[in-house]
Amino acid sequence: MEYTKTIKLKDGRECVLRNGTRGDAEQELELFRQTHGQTDFLTSYPDEISYTVSQQAEYIEKKRNSPDEIELLAQVGDRIVGLGGLDRIGWAEKTRHRGEFGVCIDRDFWGLGIGRALTLAVIECARLAGYSQLELEAVADNGAALALYESTGFTEYGRNPRGFRSRLSGWQELVLMRIELE
Ligand SMILES: CC(C)(COP(=O)(O)OP(=O)(O)OC[C@H]1O[C@@H](n2cnc3c(N)ncnc32)[C@H](O)[C@@H]1OP(=O)(O)O)[C@@H](O)C(=O)NCCC(=O)NCCS
């Protein structure tokens with residue numbers, strides 16, 4: 001899927017939301033590793049992320065050419081500062097109406113409106129791609145993320161008390177959320 005939008009951040013700067021290109025692969029990978037070290041709320045640790053730049057470039061191409069999945073990046077100046085993704089949960093007839101949303105933003109750029117813009121962009125893409133439902137999981141202690149998701153229309157449908165096992169804090173409860181799109 002293709003998507004491009006320019007937004008104004010809360011501090012007045014411009015931020016471009018767009019598909020990545022092969023040339024963004026190195027910076028994307030660096031951001032992915034960096035963000036996964038900045039918070040204990042994401043699914044993996046930086047030392048578990050083993051993609052090479054060329055694998056990341058392939059991934060970017062695959063998502064760009066996909067009719068129903070997307071990886072969006074948020075760029076401020078020449079810096080990639082956030083990523084938002086839409087993935088199909090399953091290809092079988094019974095599950096292909098379900099999409100999954102994920103987002104990560106460089107901590108230096110939190111609180112500026114990028115998370116909201118990426119979330120709304122992915123919801124729009126999911127609608128365009130024909131999904132009936134978009135889903136996500138968030139750590140129950142991640143108040144900022146939960147507030148963002150609730151304010152963009154997601155509702156909780158359950159909890160997984162042992163969803164993550166953190167190196168730092170042990171079990172982390174996950175809140176399961178969804179939004180109906182049609
Ligand atoms: C959660 C995250 C995506 C929010 O992105 P962001 O760009 O900082 O959020 P925004 O500036 O767009 O704010 C959107 C909403 O989030 C909530 N929010 C953001 N920061 C908050 C904070 N410090 N405390 C409480 N709520 C907060 C608010 O509801 C806010 O709405 P408002 O602008 O009307 O106040 C970002 O903090 C992040 O990437 N965190 C690390 C990775 C992560 O947790 N990803 C989600 C995994 S489920």
If we count only N and O atoms by modelled type, under 3.5 Å, do the side chains of [X] and [Y] hold a donor and an acceptor together?
X      : Y      : result
Ser132 : Glu182 : yes
Arg165 : Gln172 : no
Gln56  : Glu28  : yes

For [X], give me all partners under salt bridge (charged side-chain N to carboxylate O under 4.0 Å, His left out), at least two apart in sequence or on another chain.
X      : result
Asp78  : none
Asp68  : Arg88
Glu100 : none
Glu156 : Arg159

Between [Y] and [X], is there a salt bridge with N-O shorter than 4.0 Å?
X      : Y      : answer
Arg162 : Glu173 : no
Glu61  : Lys63  : no
Lys8   : Glu14  : no

Item checked: Within residues 142-153 or reaching into it, pairs that qualify as side chain to side chain donor-acceptor pair (under 3.5 Å) - sequence neighbours excluded -> Arg116-Ser151

Note to self: Suppose the criterion is ring pair (Phe, Tyr, Trp, His ring centres under 6.0 Å): which pairs have a residue in residues 104-132, not counting sequence neighbours?
What the structure shows: none

Next item on the list: Mark yes when over 12 heavy atoms from residues, nucleotides or ligands other than Glu2 sit less than 6.0 Å from its CD; otherwise mark no.
Entry: yes

Notebook entry, point to check: Would you find more than 12 non-hydrogen atoms of other residues, nucleotides or ligands less than 6.0 Å from Glu26 atom CD?
Noted result: no

Enter the distance from [X]:[atom1] to [Y]:[atom2] here, rounded to the nearest 0.5 Å.
X      : Y      : atom1 : atom2 : result
Lys10  : Ile7   : NZ    : CD1   : 10.5 Å
Thr21  : Arg64  : OG1   : CZ    : 6.5 Å
Leu146 : Asp141 : CG    : CG    : 9.0 Å

With side chains defined as the heavy atoms from C-beta onward, is the minimum distance between [X] and [Y] less than 4.5 Å?
X      : Y      : answer
Leu128 : Tyr3   : no
Asn160 : Val175 : no
Phe154 : Leu148 : no

Next item on the list: Could you walk me through whether Leu86 and Leu134 pass the side-chain contact (heavy atoms from CB on, under 4.5 Å) test, one step at a time?
Entry: CA-CA 9 Å; Leu86 166 64; Leu134 188 60; 3.5 Å; yes

Check: Would you find a donor on one side and an acceptor on the other, under 3.5 Å apart, between the side chain of Glu48 and the backbone of Tyr45?
Finding: yes

Next item on the list: Determine yes or no for a side-chain-to-main-chain donor-acceptor pair under 3.5 angstrom, with Asn19 supplying the side chain and Leu72 the backbone.
Entry: no

Checklist line | Residue pair Ala74 / Cys15: nearest heavy atoms and the distance that separates them | finding: CB-SG, 3.8 Å

Next item on the list: Please identify each residue that fulfils side-chain hydrogen bond (donor to acceptor under 3.5 Å, both in side chains) with Arg13, with sequence neighbours left out.
Entry: Asp11

Under the salt bridge (charged side-chain N to carboxylate O under 4.0 Å, His left out) rule, what pairs show up with a residue in [range], not counting sequence neighbours?
range            : result
residues 102-115 : Arg79-Asp106, Arg79-Asp108
residues 35-47   : Asp47-Arg167
residues 121-137 : Arg98-Glu135

Check: Under the 4.5 Å side-chain heavy-atom rule for ILVMFWY, direct or indirect, which residues accompany Leu31?
Finding: Leu29, Phe32, Ile49, Tyr51, Val53, Leu73, Ile80, Leu83

Note to self: Through direct or indirect side-chain contacts below 4.5 angstrom among Ile, Leu, Val, Met, Phe, Trp and Tyr, which residues connect to Val16?
What the structure shows: none

Checklist line | Step-by-step side-chain contact (heavy atoms from CB on, under 4.5 Å) determination, Ile114 to Leu118 | finding: CA-CA 6 Å; Ile114 298 172; Leu118 281 172; 4.0 Å; yes

